[in-house]
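Both counts, for ligands and for their atoms, begin at 1 and track the order of listing.
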Amino acid sequence: MKKETFVTKEQLDEIVKTYPTPFHLYDEKGIRKNMQALKDAFSWNPGFKEYFAVKATPNPFLINILREYGCGCDCSSMTELMLSDAVGARGEDIMFSSNDTPAEEFVYADRLGAIINLDDFTHIEYLEQAIGHIPETISCRYNPGGLFKISNDIMDNPGDAKYGMTTEQLFEAFRVLKSKGAKEFGIHAFLASNTVTNEYYPMLAKILFEVAVKLQKETGVHIKFINLSGGIGIPYTPDQEPNDIRAIGDGVRRVYEEVLVPAGMGDTAIYTELGRFMMGPYGCLVTKAIHQKHTYKEYIGVDACAVNLMRPAMYGAYHHITVAGKEDAVCDHTYDIVGSLCENNDKFAIDRMLPKIETGDLLIIHDTGAHGFSMGYNYNGKLKSAELLLKEDGSVQMIRRAETPADYFATFDCFEIGKKLLKME
Ligand SMILES: *Cc1c(COP(=O)(O)O)cnc(C)c1O
């Protein structure tokens with residue numbers, strides 16, 4: 001299958017007149033269409049709610065688009081909570097699914113009225129000490145251990161993951177929380193990441209629904225929601241078949257009717273905390289070819305680097321690349337597409353078949369809308385790029401400016417040397 005871009009060469013040629021490369025560009029139309037499709041797929045469940053995983057794309061302008069559809073925020077740090085607060089997501093519009101949580105973050109989450117999702121049994125006491133009470137609505141993160149398989153394929157290894165409580169701890173946690181006054185309960189689990197199969201959510205739902213029925217029977221608590229968390233993936237490679245969100249919603253509905261409804265739990269709300277699925281395909285990194293190097297391999301040096309997109313360096317992740325304006329050209333050249341970091345893993349693609357690239361060509365690196373910009377860092381003192389929104393009417397809005405040296409040096413501002421550095425621009 002051919003991977004399409006949501007922006008044309010003509011549009012990019014216009015955009016780069018105002019905004020220098022590299023930049024992340026987001027597709028408002030795609031974000032809206034996908035959000036609506038998710039809502040439709042789960043419309044059978046009256047309490048359904050998506051809590052966008054803020055860490056995937058922590059940009060208030062993008063989160064605000066999702067907010068129009070009733071989307072909440074899934075947070076796991078102080079600054080993510082602050083962002084949510086700033087866009088007006090408070091109370092039950094925030095799911096605080098953190099782990100190894102500092103006390104002050106629990107305090108802030110509680111002040112905002114967020115739903116707190118406890119990662120560990122010991123956090124019950126820790127939370128109680130931090131905030132002075134146990135909230136009426138509380139959630140616990142479950143880790144069933146072992147391997148998570150879908151028809152013999154190992155999807156992931158929960159037994160090796162730091163997250164969540166064991167089955168015994170989960171039951172004990174519900175008893176203890178109930179005795180301390182909790183009234184409404186939630187269960188959460190995240191067992192596999194970036195799944196490109198319609199079966200992940202239904203299988204996860206079955207595990208959680210069965211545990212929920214037992215929990216309700218054995219502890220007598222009311223289970224208000226089951227949080228299927230993130231993990232629905234996107235097709236990064238051209239050969240992958242995209243997930244069908246309608247089929248996924250239907251699959252979860254079938255398990256719901258099979259397990260929860262007969263147990264008298266047909267009032268349970270389904271929550272999700274999707275990040276990658278919500279934004280991944282609707283962002284790209286636009287970068288310019290600035291060098292061609294012919295040594296033992298053929299290199300194209302671009303003006304972006306792993307600071308702008310870490311996934312290839314960190315996970316060896318594949319990101320499709322389109323040379324703008326050469327969409328239909330033959331891919332008869334083998335290139336390594338590299339950034340400028342003094343770090344040999346700073347490569348967006350290795351041995352990639354692409355059309356012949358000229359210096360000055362614009363390269364579109366696909367699927368950077370989630371866990372792209374947000375994973376960025378500042379190695380080599382490289383600065384983070386701007387983020388731009390391609391609006392539905394075709395206009396472009398800057399939704400984050402590019403970093404400047406002053407941003408990079410800002411944390412020296414309390415020293416003499418900092419005053420000098422900050423004056424140097
Ligand atoms: C990262 C994360 C998500 C989002 O995961 P995606 O793979 O982007 O869907 C959701 N919930 C929690 C707790 C997470 O850590």
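Glu184 and Lys224 are not joined by a salt bridge, as no carboxylate oxygen comes within less than 4.0 angstrom of a charged side-chain nitrogen. Taking the charged nitrogens against the carboxylate oxygens, Asp336 and Arg352 have no contact shorter than 4.0 Å, which rules out a salt bridge.
Heavy atoms from other residues, nucleotides or ligands lying under 6.0 Å from CD of Glu125 number 12 at most. Atom OH of Tyr379 is surrounded by 12 or fewer heavy atoms from other residues, nucleotides or ligands within 6.0 Å.
Contact detail for Phe185 and Lys178: the closest heavy-atom pair is CZ-N, 3.8 Å. The two residues Ala114 and Phe96 make their nearest non-hydrogen contact at CB-CB, 4.4 Å.
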Tabulating one pair per line, provide the atom names and distances (0.1 Å) for every N/O atom of ligand 1 that is less than 3.5 Å from a protein N/O atom.
residue: ligand 1; atom: 8 (O); partner: Arg276; partner atom: N; Å: 2.7
residue: ligand 1; atom: 8 (O); partner: His371; partner atom: NE2; Å: 2.7
residue: ligand 1; atom: 9 (O); partner: Gly231; partner atom: N; Å: 3.1
residue: ligand 1; atom: 9 (O); partner: Gly275; partner atom: N; Å: 3.0
residue: ligand 1; atom: 11 (N); partner: Asp74; partner atom: OD2; Å: 3.1
residue: ligand 1; atom: 11 (N); partner: Ser229; partner atom: OG; Å: 3.2
residue: ligand 1; atom: 11 (N); partner: Glu273; partner atom: OE1; Å: 2.7
residue: ligand 1; atom: 15 (O); partner: Lys55; partner atom: NZ; Å: 2.7

